[in-house]
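Have a look at the structure below, then the notes.
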Amino acid sequence: MDALSGAGPRRARCSLGAASPGARAAAAPWARFSAWLECVCVVTFDLELGQALELVYPSDFRLTDKEKSSICYLSFPDSHSGCLGDTQFSFRIRQCSGQKSPWHAEDRHYNSGAPMSLQREPAHYFGYVYFRQVKDSSVKRGYFQKALLSLIAPEYFDKSAPCLEAVCSEIDEWPAPVPGQTLNLPVMGVVLQVHIPSRVDKPEYGPPKPCSHENLLPAPVILTSVHELDLFRCFQPVLTHVQTLWELMLLGEPLVVLAPSPAMSSEMVLALISCLQPLKFCCDYRPYFTIHDSEFKEFTTRTQAPPNVVLGVTNPFFIKTLQHWPHILRVGEPKMAGDLPKQVKLKKPSRLKTLDTKPGLYTAYSAHLHRDKALLKRLLKGLQKKKPWDTQTALLRRHLLELTQSFIIPLEHYMASLMPLQKNITPWKTPPQIRPFRQDDFLRSLEHAGPQLTCILKGDWLGLYRRFFKSPHFDGWYRQRHKEMAQKLEALHLEAICEAQNIETWMKDKSEVEVVDLVLKLREKLVQAQGHQLPVKEATLQRAQLYIETVIGSLPKDLQAVLCPS
């Protein structure tokens with residue numbers, strides 16, 4: 001389900017344009033296509049004009065000039081990346097405000113079932129690039145360069161635009177992605193089998209398993225999703241610092257990843273932000289960022305503190321430009337020789353002076369938690385014994401997931417204790433308020449309900465929580481949990497009203513104003529529930545509708561006409 005913006009496999013479907021953060025109206029042309037992709041772009045390099053947008057499909061999709069410029073520049077590795085042949089990478093850009101459709105009910109429905117970390121985003125485009133550079137003697141500079149959708153790229157290079165149109169028409173026949181479903185999606189004679197992640201899915205650490213595929217010829221290609229990144233391959237050179245990097249991500253610290261190619265930078269950035277699952281990554285991140293990006297000045301200014309963003313770059317110029325950033329990770333070329341990869345060293349930022357800086361993690365940050373030496377030993381031993389990479393990735397992913405869960409579970413337990421008791425929710429009174437989150441009370445609760453109950457790692461957990469409270473991730477987590485609890489409170493209140501047996505008795509001594517107020521409140525709750533914003537059963541909705549009709553029927557005709565205009 002690579003086509004979901006921020007919620008799905010990011011490598012199987014690569015579009016130069018962007019994954020769809022919000023589907024267009026169901027009745028609009030290409031409505032099904034836009035549930036998976038916004039558009040496919042073809043970008044070429046012209047010696048006179050530079051990067052140029054050659055084709056956008058569907059042709060009626062509108063991009064602003066600023067978006068077009070960003071897409072053109074980010075579709076090509078910069079001059080410091082020696083990318084000859086085919087390479088794939090990804091990027092992320094801001095949408096220009098006021099240009100796109102508002103949210104639709106379909107998006108709310110998808111988000112209500114999708115994991116927090118994989119929900120759609122309304123403010124960004126995700127671009128997935130298939131870049132080809134081959135020698136061509138007919139071109140003065142000797143290269144033919146284009147970038148486009150990875151699934152159809154080889155065919156497109158042979159057959160050009162008609163192939164692109166045919167594939168987009170096939171995608172337009174796909175069903176919409178629904179969390180929890182496994183779909184078989186035909187394209188170009190191949191069946192892609194994808195599981196749309198759901199928030200109720202149990203975590204899987206290994207590669208995806210094929211589902212039933214009877215009557216499917218040929219056999220389906222099983223696709224991983226974004227949270228199935230090959231973490232071990234990405235983190236091989238930084239295994240000794242994985243926990244430190246996890247802490248930096250948890251705290252939303254500004255981090256620059258300098259890699260030899262866009263493919264390596266984008267994979268490392270995506271691997272880093274996936275470390276926090278199932279916690280949603282609430283900071284900005286750019287898998288591939290260049291000096292031509294429209295946010296370049298914003299991110300490189302020295303007049304204010306660096307923003308909470310993870311930048312993936314390839315141009316060594318950024319070492320000098322971003323020397324004031326607190327954390328810089330430089331990754332070297334992958335080395336195939338030898339069993340054990342050379343681990344990058346932890347270095348002070350003051351060592352970051354020259355453009356030929358060696359690979360390493362340059363930071364003054366001291367980790368709060370002790371390193372899991374047993375895990376590191378197992379991973380390095382697995383390398384020596386040449387264990388399968390998916391086995392190594394499963395081990396590393398399990399560790400990071402359990403680490404995040406151990407950190408979040410005490411927060412969840414404390415947050416749940418702030419919810420009013422169900423017995424205090426009565427039908428005809430405004431439901432009680434959720435109690436405020438008090439950080440000191442939470443920290444005191446850790447003594448008997450802290451992460452030590454589920455995690456063997458020692459260290460300064462209290463200090464880590466205190467810094468977490470100042471991060472965008474705490475704010476994002478708290479806002480979302482408070483919203484969900486408020487919706488649950490509204491749902492319980494609606495159920496309490498619908499389970500009340502004597503609504504007629506209640507109405508006897510009530511004024512018309514109070515009765516009309518009840519109708520309006522019930523209708524508001526129904527609208528919320530029908531928009532998948534309240535977790536209520538269908539039977540409850542039916543009873544609520546019956547109550548509304550009963551209450552309206554008790555009112556004078558003139559009020560009935562106002563509440564139920566024909």
Side-chain angles (χ1 to χ4, degrees), residues 6 74 90-94 117 121 123-124 234-235 238 241-259 262 264-276 279-331 344-353 355 357 359-369 404 407 463-477:
L74 290 168
S90 58
F91 62 80
R92 182 173 179 263
I93 62 173
R94 289 179 188 165
S117 56
E121 293 187 27
H124 292 87
C234 294
F235 285 152
V238 295
H241 307 306
V242 162
Q243 277 184 207
T244 299
L245 290 168
W246 174 83
E247 287 190 22
L248 293 177
M249 293 300 100
L250 181 72
L251 301 175
E253 288 287 312
L255 175 69
V256 180
V257 175
L258 179 62
M264 289 186 67
S265 80
S266 59
E267 284 212 328
M268 179 62 83
V269 170
L270 293 178
L272 285 167
I273 67 166
S274 76
C275 282
L276 296 189
L279 189 66
K280 184 176 183 178
F281 192 84
C282 296
C283 299
D284 199 355
Y285 60 97
R286 306 301 171 90
Y288 176 49
F289 187 81
T290 74
I291 60 175
H292 302 289
D293 197 283
S294 58
E295 279 83 54
F296 175 76
K297 289 185 179 179
E298 176 186 336
F299 288 167
T300 57
T301 180
R302 291 174 181 258
T303 59
Q304 58 190 34
N308 302 99
V309 61
V310 182
L311 289 184
V313 303
T314 58
N315 192 332
F317 170 76
F318 280 102
I319 292 183
K320 182 179 180 181
T321 309
L322 302 178
Q323 274 190 356
H324 61 294
W325 277 46
H327 321 287
I328 295 181
L329 174 63
R330 177 150 195 182
V331 185
V344 302
K345 295 183 178 180
L346 192 66
K347 304 178 182 182
K348 298 295 182 184
S350 58
R351 299 282 300 278
L352 196 65
K353 293 180 179 179
L355 293 183
T357 303
L361 176 58
Y362 294 81
T363 179
Y365 178 81
S366 296
H368 289 77
L369 304 182
T404 303
F407 184 84
L464 188 59
Y465 279 111
R466 287 192 180 98
R467 286 194 63 164
F468 178 71
F469 289 145
K470 301 174 184 177
S471 77
H473 290 124
F474 171 71
D475 184 65
W477 171 84

Side chain proximity check, Asp284 to Pro307, heavy atoms < 4.5 angstrom: no
Ring geometry between Tyr285 and Phe281 (parallel below 30°, tilted from 30 to 60°, perpendicular above 60°): perpendicular
Residue among Leu258, Val331, Val310, Leu245 satisfying side chain to side chain contact (heavy atoms under 4.5 Å, CB included) with Met268: Val331
Between Phe407 and Tyr465, ring centroids under 6.0 Å: yes
Min side-chain heavy-atom separation His327-Tyr365 under 4.5 Å: yes
All salt bridge (charged side-chain N to carboxylate O under 4.0 Å, His left out) counterparts of Glu298, not counting sequence neighbours: Arg94
Check: His324 side chain, Thr301 main-chain N or O, donor-acceptor pair, under 3.5 Å: yes
Heavy-atom closest contact (Arg302 atom, Thr321 atom, distance): NH2-O, 3.8 Å
Min side-chain heavy-atom separation Ile328-Phe318 under 4.5 Å: no
All ring pair (Phe, Tyr, Trp, His ring centres under 6.0 Å) counterparts of His292, not counting sequence neighbours: Tyr73
Validation row: Leu250, Leu279 side chains within 4.5 angstrom (heavy atoms): yes
Within-4.5 Å side-chain heavy-atom neighbours: Thr314 and Tyr288: yes
Parallel, tilted or perpendicular, as decided by the 30° and 60° cut-offs, for the rings of Phe299 and Phe289: tilted
Polar side-chain atom of Thr290 near backbone of Val313 as donor-acceptor pair, under 3.5 Å: no
